[in-house]
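Order of the sequence lines fixes the chain letters, A, B, ..., with proteins taken first and strands second; residue numbering starts at 1 for each chain. Side chains included, hydrogens not; waters and symmetry mates left out as well; all remaining heavy atoms used.
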Number of protein chains: 2
Amino acid sequence: MKRIKMIDVARAAGVSAMTVSRALKRDGRISPETRRLILQKVDELGYVPDRLAGSFSSQKSGFVSVLVPSLNNPHFAETASGLQEILNPAGLQLLLGYTGYSAAQAEYLIEMMLERRPEALIVTYDSHTPKARKLLEQSGIPVVEIWEMPQHPIQHVVGFSNRKASAEMTAHLITSGRRNIAYIGECDDSGTRGAERRKGFRDAMRRAGLDPSRQVALAAPPINMMQGREALRTILERWPETDAIMCVSDPAAFGALTECRALGRRVPEDIAVAGFGDFEISRCSIPPISTIVVDALDIGRQTGQLVLRLLSEKTEQSVYLPIAARPEIRQSSG
Amino acid sequence: MKRIKMIDVARAAGVSAMTVSRALKRDGRISPETRRLILQKVDELGYVPDRLAGSFSSQKSGFVSVLVPSLNNPHFAETASGLQEILNPAGLQLLLGYTGYSAAQAEYLIEMMLERRPEALIVTYDSHTPKARKLLEQSGIPVVEIWEMPQHPIQHVVGFSNRKASAEMTAHLITSGRRNIAYIGECDDSGTRGAERRKGFRDAMRRAGLDPSRQVALAAPPINMMQGREALRTILERWPETDAIMCVSDPAAFGALTECRALGRRVPEDIAVAGFGDFEISRCSIPPISTIVVDALDIGRQTGQLVLRLLSEKTEQSVYLPIAARPEIRQSSG
DNA sequence: TTGTAAGCGTTATCAA
DNA sequence: TTGATAACGCTTACAA
């Protein structure tokens with residue numbers, strides 16, 4: 001009970017393997033009747049083409065590698081969906097890897113991925129080890145960094161400034177009259193998008209002549225709701241005068257909001273709360289949480305289209321596709 | 001500037017390609033000095049092995065395909081993490097596909113996946129088209145269904161009965177004195193885990209001689225928080241006597257809880273709420289939501305280990321690994 | 001411990 | 001429109 005090969009189909013149809021190969025890829029250079037006959041035989045025999053062999057022969061893997069910090073984050077999940085939506089119909093499959101926010105794991109995955117000869121590599125911005133960066137630079141394929149506009153891009157970028165967006169939201173809090181603003185962030189966040197957001201908070205506070213030192217970072221990325229709750233308690237113990245909280249992400253903000261409620265602090269009357277990312281929870285909570293809206297699905301689609309363009313055009317020039325990241329003011333920052 | 005091949009490394013080290021191949025796979029049958037020399041050359045030349053060629057030659061793809069309904073669901077994301085954690089160190093890479101809860105998309109993906117000659121196929125339980133089922137049955141590789149114990153398993157299973165778990169939680173609501181229990185579920189859910197949960201609700205209600213007909217299903221899977229809110233309003237309009245809500249998932253339950261608050265209904269005093277899945281939100285909300293706890297990470301790890309076993313043992317027998325799914329009672333069902 | 005030779009199943013290329 | 005032939009870069013199997 002051996003596996004059916006192309007040559008078996010060819011024999012059954014009384015043609016050569018090459019003709020079968022052509023029939024299977026709407027190549028044009030084949031007569032309609034021959035194709036019909038071949039497709040029928042393919043069906044009869046239950047032939048499944050071997051892309052391992054096909055990729056090897058054509059030297060095209062049909063893979064696009066994607067590295068994300070976590071799948072357990074609606075942002076990256078949506079971005080991956082957007083990518084799949086654009087790339088699958090073009091015959092490309094995603095090779096998805098999950099770094100767990102670890103630069104070492106990212107390096108390992110990049111190496112694993114490159115062995116599969118992907119046609120492009122998409123990496124979510126985060127710190128890279130020197131070796132990882134070198135691997136990316138010398139990969140010889142299009143590399144797209146997403147979800148941030150890095151200072152020193154490797155090649156192409158589809159992203160925005162997390163720092164600037166975070167600064168804008170902080171500025172909004174300041175404009176609406178808050179002065180004693182605290183920040184809930186992540187520790188060990190060097191090189192991450194979270195670190196950029198923290199810088200943005202500091203930028204805005206300094207610019208306004210306010211003290212940016214009220215910061216807590218209780219956990220490594222990604223900080224969760226419960227840690228947000230804990231962070232809020234810590235903040236109110238250390239800085240009881242706090243009248244607003246800027247958070248690295250919506251789950252943290254929701255945690256803070258929830259703890260405010262548990263402690264009897266009114267939001268936004270006593271304390272304003274703002275998050276980042278427009279997670280579902282920020283829309284559904286009471287009150288809804290002010291946040292930075294980023295269209296994660298769109299990042300995936302745009303990146304997918306960029307990859308298709310880069311693969312067909314062989315452009316040398318680096319592309320930067322800016323993505324909108326706009327503050328959306330909701331009741332929590334009243 | 002051509003890509004370095006194994007033969008190039010071999011020449012640089014003054015050995016044959018085969019020796020390089022051995023050096024790269026801790027094969028044992030090679031002298032330590034030779035290996036050291038070769039690894040040094042590999043490093044110098046920046047050689048990246050071509051697994052496309054390697055897989056083709058050895059007829060082992062090194063892939064394990066995984067189909068999940070959605071990445072944007074912490075359950076499947078964690079399961080994928082668990083799989084990656086176990087399979088990567090064994091030299092296997094995940095080929096992840098996202099069906100969007102669509103049987104047609106699943107069929108398409110299964111076909112795409114099989115062309116890559118994965119060594120095993122892991123599919124989250126959901127309805128399959130006849131063709132998809134046939135492809136799975138005839139794939140010739142281990143197939144593991146996860147996240148449910150199907151009536152007619154294809155081969156192996158790592159899962160639990162969503163129906164039974166849902167019935168248990170409903171029974172808890174009944175035991176604690178609720179009588180007019182409504183259900184928030186999903187429409188177009190035939191063959192999904194959500195449908196099993198709905199059946200479980202009905203089972204428990206009937207068993208207790210209660211009316212199971214209070215059901216709303218406003219959206220296709222996966223239902224979200226906002227739809228949970230809307231569903232609760234619908235329920236209270238239709239059946240004002242409702243004193244408990246059983247939900248297909250925690251996000252829906254949180255939506256219901258939130259809408260109760262917005263409408264001034266006390267939880268659990270006026271209405272009890274229960275969910276499914278132990279999502280973060282069910283622990284962090286006020287009050288915390290009673291839910292069915294399922295260890296998604298563990299499902300991934302167990303499945304990973306099962307796959308490794310199946311690949312080494314070549315067992316013919318079907319394996320069923322039961323996974324715990326226990327109700328955890330929290331304040332929301334007080 | 002190392003090397004040699006023969007594929008692995010497809011597609012590119014050129015010829016018919 | 002179709003076919004023959006030669007890769008593609010590595011690993012298996014066997015030999016030295």
Side-chain angles (χ1 to χ4, degrees), chain A residues 2-39 41-42 45-63 91 93 112 114-119 140-141, chain B residues 2-39 41-42 45-63 91 93 112 114-119 140-141:
Chain A
K2 282 178 57 190
R3 178 165 272 150
I4 307 293
K5 298 191 286 194
M6 191 178 270
I7 187 70
D8 301 319
V9 178
R11 291 210 184 98
V15 296
S16 73
M18 200 52 232
T19 304
V20 175
S21 176
R22 290 201 182 96
L24 288 172
K25 29 182 69 62
R26 19 202 122 304
D27 184 294
R29 310 183 167 286
I30 190 172
S31 79
E33 311 108 78
T34 314
R35 155 169 293 152
R36 208 158 22 76
L37 174 63
I38 290 174
L39 292 183
K41 293 295 175 191
V42 163
L45 297 172
Y47 170 64
V48 178
D50 186 337
R51 279 197 83 179
L52 231 49
S55 297
F56 174 55
S57 177
S58 65
Q59 293 296 89
K60 296 198 162 203
S61 67
F63 285 128
Q93 276 163 277
M112 299 272 283
L114 287 177
E115 296 188 355
R116 300 287 189 179
R117 299 283 183 261
E119 309 197 15
I141 54 175
Chain B
K2 283 178 56 190
R3 178 166 272 150
I4 306 293
K5 298 189 286 193
M6 191 177 270
I7 187 68
D8 300 319
V9 178
R11 292 212 183 96
V15 297
S16 73
M18 199 52 232
T19 304
V20 175
S21 175
R22 291 199 181 97
L24 288 172
K25 32 180 67 60
R26 23 201 118 306
D27 185 294
R29 308 182 168 288
I30 190 171
S31 80
E33 309 107 80
T34 314
R35 153 167 296 150
R36 209 159 20 77
L37 173 64
I38 290 174
L39 292 183
K41 293 297 175 192
V42 163
L45 296 173
Y47 170 63
V48 178
D50 186 336
R51 278 196 85 178
L52 230 51
S55 297
F56 174 55
S57 176
S58 65
Q59 292 296 89
K60 296 198 162 201
S61 67
F63 284 128
Q93 274 163 278
M112 298 272 283
L114 287 177
E115 296 189 353
R116 300 287 189 179
R117 298 284 184 262
E119 309 197 16
I141 54 175

Subject >> Which residues share a salt bridge (Lys or Arg N to Asp or Glu O under 4.0 Å) with A/Lys5, sequence neighbours left out >> reply: none

**OP:** Would you indicate, yes or no, if D/dT2 has its OP1 or OP2 atom less than 4.0 angstrom from a side-chain nitrogen or oxygen of A/Thr19?
**Re:** no

Original post:
For the pair made of NZ in A/Lys60 and C1' in D/dG9, what is the distance, rounded to whole Å?
Top reply: 18 Å

Original post:
Reading nucleotides 8-15 of chain C 5' to 3', which nucleotides get B (base under 4.0 Å from a protein heavy atom), which S (sugar-phosphate only), which -?
Top reply: BBBBBB--

**OP:** Can you sort out the partners of B/Arg117 under salt bridge (Lys or Arg N to Asp or Glu O under 4.0 Å), two or more places apart, ordered by chain and number?
**Re:** A/Asp50

**OP:** Could you list the residues that satisfy side chain to side chain donor-acceptor pair (under 3.5 Å) with B/Thr19, not counting sequence neighbours?
**Re:** B/Ser16

**OP:** Provide, to the nearest angstrom, the distance between the CG atom belonging to B/Leu24 and the P atom belonging to D/dG9.
**Re:** 16 Å

Original post:
Reckon B/Ser16 touches a base, only the sugar-phosphate, or nothing at all at heavy-atom distances under 4.0 Å?
Top reply: base

Subject >> Non-neighbouring partners of B/Arg11 that pass side chain to side chain contact (heavy atoms under 4.5 Å, CB included), sequence neighbours left out >> reply: B/Ile7, B/Asp8

Subject >> Test side chain to side chain donor-acceptor pair (under 3.5 Å) applied to A/Ser57 - qualifying residues, sequence neighbours left out >> reply: none

Original post:
To the nearest angstrom, how far is A/Arg29 atom CZ from D/dT2 atom P?
Top reply: 12 Å

**OP:** Please state how far atom CZ in A/Arg35 lies from atom C1' in D/dT2, giving the value in whole angstrom units.
**Re:** 14 Å

**OP:** Calculate the interatomic distance between B/Arg11 atom CZ and C/dG3 atom P; express it in whole Å.
**Re:** 13 Å

Original post:
Relative to B/Phe63, does A/Arg116 satisfy both conditions: NZ or CZ under 6.0 angstrom from the six-membered ring centre, and within 45 degrees of the ring's axis?
Top reply: yes

